[in-house]
Amino acid sequence: MRSDNTLYVVVPCYKEEEVLPETSKRLKAKLTALIAQGRISPRSRILFVNDGSKDRTWPIIEELHARDRIFSGVNLSRNRGHQNALLAGLMTAVQYADMMVSMDADLQDDVDAMDRMIDAYHEGYDVVYGVRSSRKTDSFFKRFTAESFYKLMKAMGVDIVFNHADYRLMSRRAVEGLSQFKEVNLFLRGIVPQIGYSWTTVEYERAKRFAGESKYPLKKMLSFAFDGITSFSVKPLRLILFLGAVIFGLSLIMLLWTLIRWIAGATVSGWASLMCSIWMIGGIQLLALGVIGEYMGKVYSEAKARPRFIIERVLNDKDND
Ligand code: UDP
Ligand code: MG
């Protein structure tokens with residue numbers, strides 16, 4: 001067992017007024033039990049990050065903190081998205097905690113898996129990934145899109161842990177490592193493996209969201225996948241190069257063929273092939289330009305290096321046991 005064992009559970013919340021009362025109850029029960037077993041210190045906290053929700057999410061967090069010091073809160077100045085909210089929570093927690101567990105507010109991640117994560121931490125691991133053993137409770141559509149997502153990422157050369165979302169434990173030095181990654185286009189699942197240190201996985205069953213709606217509709221998921229790929233891999237650019245080479249090769253064959261037809265004196269026919277080439281080459285060019293433009297956009301936002309989050313207020317009572 002390690003003696004530095006203050007745990008902060010970081011929970012990003014966006015419009016989660018429906019789930020917070022239950023989530024806070026369950027997390028408190030978990031932490032209280034872990035404290036009683038001596039596996040984490042009594043200074044451990046549950047840190048809710050309000051990601052600019054306009055509903056009662058922040059007032060609920062304030063109430064929880066006022067009633068019980070085990071609850072802490074961070075209020076962001078506006079909505080910055082799940083990844084940035086999580087980062088804000090981790091960067092706040094790292095000032096007080098020895099280990100940090102990140103999880104969603106909707107309790108889809110099995111709270112009990114935390115025990116095994118903490119065991120792994122005590123065994124000396126710096127990063128423990130929560131991995132879903134099955135997706136029985138997800139709809140076919142969600143399962144299909146999510147699994148395609150992991151496969152696409154792999155194919156595009158992004159190193160991520162299969163079926164791992166953002167339920168993970170990180171030691172303080174792992175989070176300090178994370179703080180050195182300054183990128184604005186944040187894709188934590190891709191960054192965390194790049195920090196290094198010893199890591200392991202813990203399996204758990206993913207449950208259904210017990211209240212409220214998913215904040216990740218298809219549109220957000222697609223842009224998430226796209227961001228993930230373009231932030232971690234230049235493979236798409238290489239594909240364009242490859243495509244260009246193939247088309248150039250084909251064009252040489254076409255040239256030869258055209259010459260032969262011209263010599264044979266049959267140059268009027270070929271309207272169809274001309275039309276097809278024009279449209280296809282035009283389409284491919286636009287597509288390639290779009291991909292390059294996407295990377296340009298990334299460079300643009302990284303060059304500006306705007307803050308990834310701005311904290312409006314922190315509620316934390318770090319010393320009180
Ligand atoms: N979330 C957030 N900011 C956002 C969107 C979502 O902090 O702009 C939080 C949300 O409150 C939840 C987590 O991110 O705790 C995951 O969201 P959700 O459960 O809706 O995603 P899903 O599980 O459906 O992929
Ligand atoms: Mg969810």
Side-chain angles (χ1 to χ4, degrees), residues 8-27 46-61 64 71-93 100-111 113-114 130-132 134-150 153 160-168 184-189 204-228 308-312:
Y8 270 52
V9 181
V10 178
V11 188
C13 309
Y14 179 58
K15 295 190 189 159
E16 299 287 11
E17 59 181 10
E18 284 168 280
V19 305
L20 270 180
E22 178 66 22
T23 303
S24 55
K25 213 186 302 161
R26 295 256 284 274
L27 283 176
I46 299 153
L47 178 72
F48 292 113
V49 183
N50 175 36
D51 185 17
S53 323
K54 292 272 184 296
D55 64 355
R56 282 194 35 79
T57 301
W58 182 245
I60 292 173
I61 296 168
L64 285 168
F71 297 110
S72 300
V74 168
N75 195 25
L76 296 190
S77 62
R78 51 163 291 211
N79 179 254
R80 295 293 293 128
H82 176 204
Q83 300 286 293
N84 289 307
L86 184 51
L87 185 74
L90 289 173
M91 292 307 137
T92 307
M100 281 139 270
V101 168
S102 51
M103 67 188 302
D104 291 353
D106 53 12
L107 293 180
Q108 282 187 287
D109 308 314
D110 178 14
V111 177
M114 221 186 288
V131 171
R132 292 164 205 174
S134 76
R135 283 180 170 268
K136 276 187 296 219
T137 52
D138 280 348
S139 68
F140 170 77
F141 181 72
K142 177 91 192 180
R143 195 164 62 211
F144 178 75
T145 49
E147 284 186 351
S148 315
F149 167 79
Y150 290 103
M153 300 290 285
I160 50 167
V161 178
F162 193 74
N163 265 345
H164 159 68
D166 282 304
Y167 187 27
R168 77 177 85 78
V184 175
N185 297 288
L186 199 61
F187 185 69
L188 288 171
R189 283 175 231 183
Y204 69 97
E205 295 256 342
R206 184 154 159 106
K208 256 199 162 63
R209 198 179 232 285
F210 70 87
E213 276 171 10
S214 169
K215 274 82 191 170
Y216 268 103
L218 183 63
K219 198 174 136 227
K220 261 199 194 167
M221 256 201 327
L222 284 177
S223 81
F224 193 54
F226 206 73
D227 266 352
R308 295 173 286 186
F309 54 81
I310 294 172
I311 291 176
E312 191 261 336

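For ligands, and for the atoms within them, numbers begin at 1 and follow the listed sequence. Along the sequence shown, residues are numbered consecutively beginning with 1.
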- Query: How far does CG of Asn84 sit from CZ of Phe309, to the nearest 0.5 angstrom?
  - Reply: 8.0 Å
- In terms of the angle between their ring planes, are Phe71 and Phe48 parallel, tilted or perpendicular, with boundaries placed at 30° and 60°? parallel
- Arg26 (side chain) donor-acceptor with Leu107 (main chain) under 3.5 angstrom: no
- Query: Under 3.5 Å, is there a donor-acceptor pair between the Asp109 and Tyr204 side chains?
  - Reply: yes
- Note on the structure: Under 4.0 Å between heavy atoms, the region of Asn79 that gets near ligand 1 turns out to be side chain
- Report the part of Gln108 in contact with ligand 1, treating N, CA, C, O as backbone and CB onward as side chain, heavy atoms under 4.0 Å; options are side chain, backbone, both, neither. side chain
- Side chain to side chain, Asp104 and Tyr167, heavy atoms closer than 4.5 Å: no
- Message: Which option wins on minimum heavy-atom distance to atom 10 (C) of ligand 1: His82, Arg80, Glu16, Lys15?
- Response: Glu16
- Query: Which of these passes side chain to side chain donor-acceptor pair (under 3.5 Å) with Asn75: Thr57, Asp51, Asn50?
  - Reply: Asn50
- Message: Quick check on contacts: which atoms of ligand 1 are under 4.0 angstrom from a heavy atom of Cys13?
- Response: 7 (O), 11 (O)
- Flag, side chain of Tyr150 to backbone of His164, donor-acceptor distance under 3.5 Å: yes
- Counting heavy atoms under 4.0 Å, the part of Pro12 that contacts ligand 1 is both
- Item | Residues, nucleotides or ligands: over 12 heavy atoms within 6.0 Å of Phe144 CZ | no
- Around the Mg ion (ligand 2), what protein N, O or S atoms are found below 2.8 Å? Asp106 OD2, Gln108 OE1
- Task: Might you work through the side-chain contact (heavy atoms from CB on, under 4.5 Å) test for Arg168 and Val101, ending with a clear yes or no?
- Result: CA-CA 5 Å; Arg168 77 177 85 78; Val101 168; over 6 Å; no
- Query: When Leu86 is tested against each of Leu186, Val49, Val11, Val10 for side chain to side chain contact (heavy atoms under 4.5 Å, CB included), which residue passes?
  - Reply: Val10
- Message: Within the 4.0 Å heavy-atom shell around Asp106, which atoms of ligand 1 are there?
- Response: 19 (O), 23 (O)
- Message: Side chain, backbone, both or neither: which applies to Asp104 and ligand 1 if a contact is any heavy-atom pair less than 4.0 Å apart?
- Response: both
- Message: Can you confirm, on distance only, whether ligand 1 has an N/O atom lying under 3.5 Å from any N/O atom belonging to Ala85?
- Response: no
